[in-house]
Amino acid sequence: MTPRPTYTGLPLPEPAPVHDCAECQALARQREAARRQRDHTTVVDCNVKIRRHPHGPPDED
């Protein structure tokens with residue numbers, strides 16, 4: 001029996017780095033440098049790291 005292909009859906013939108021997070025900002029710069037070099041693997045890796053980087057709940061003013 002042939003296994004059925006897995007459907008993963010559409011790609012997620014590119015995550016925005018948290019404005020006051022130094023690590024997110026560094027990953028965003030790395031992502032842009034990789035994009036200029038057409039290094040799509042690193043662009044995706046940076047997106048995953050930004051998306052998974054832990055942050056507390058947003059401040060409510």
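Numbers here simply count residues along the sequence, with the first being 1.
- In terms of the side chain to side chain donor-acceptor pair (under 3.5 Å) criterion, residue partners of Arg35 (sequence neighbours excluded) are, by chain and number, Glu14, Glu32.
- Taking each heavy atom of Arg31 and Pro15 in turn, the nearest pair found is NH1-O, 3.0 Å.
- Note that the NE2 atom of His40 and the CG atom of Asn47 stand 12.5 Å from one another [nearest 0.5 Å].
- Looking only at distances, no side-chain donor or acceptor of His19 sits under 3.5 Å from a matching main-chain atom of Pro17.
- Remark: Asp39 engages Thr42 in a side chain to side chain donor-acceptor pair (under 3.5 Å) (not counting sequence neighbours).
- Judged purely by atom type and a 3.5 angstrom limit, Gln25 uses its side chain to pair as donor or acceptor with the backbone of Val18.
- Applying the salt bridge (Lys or Arg N to Asp or Glu O under 4.0 Å) test to pairs two or more places apart or on separate chains, none has a residue in residues 42-53.
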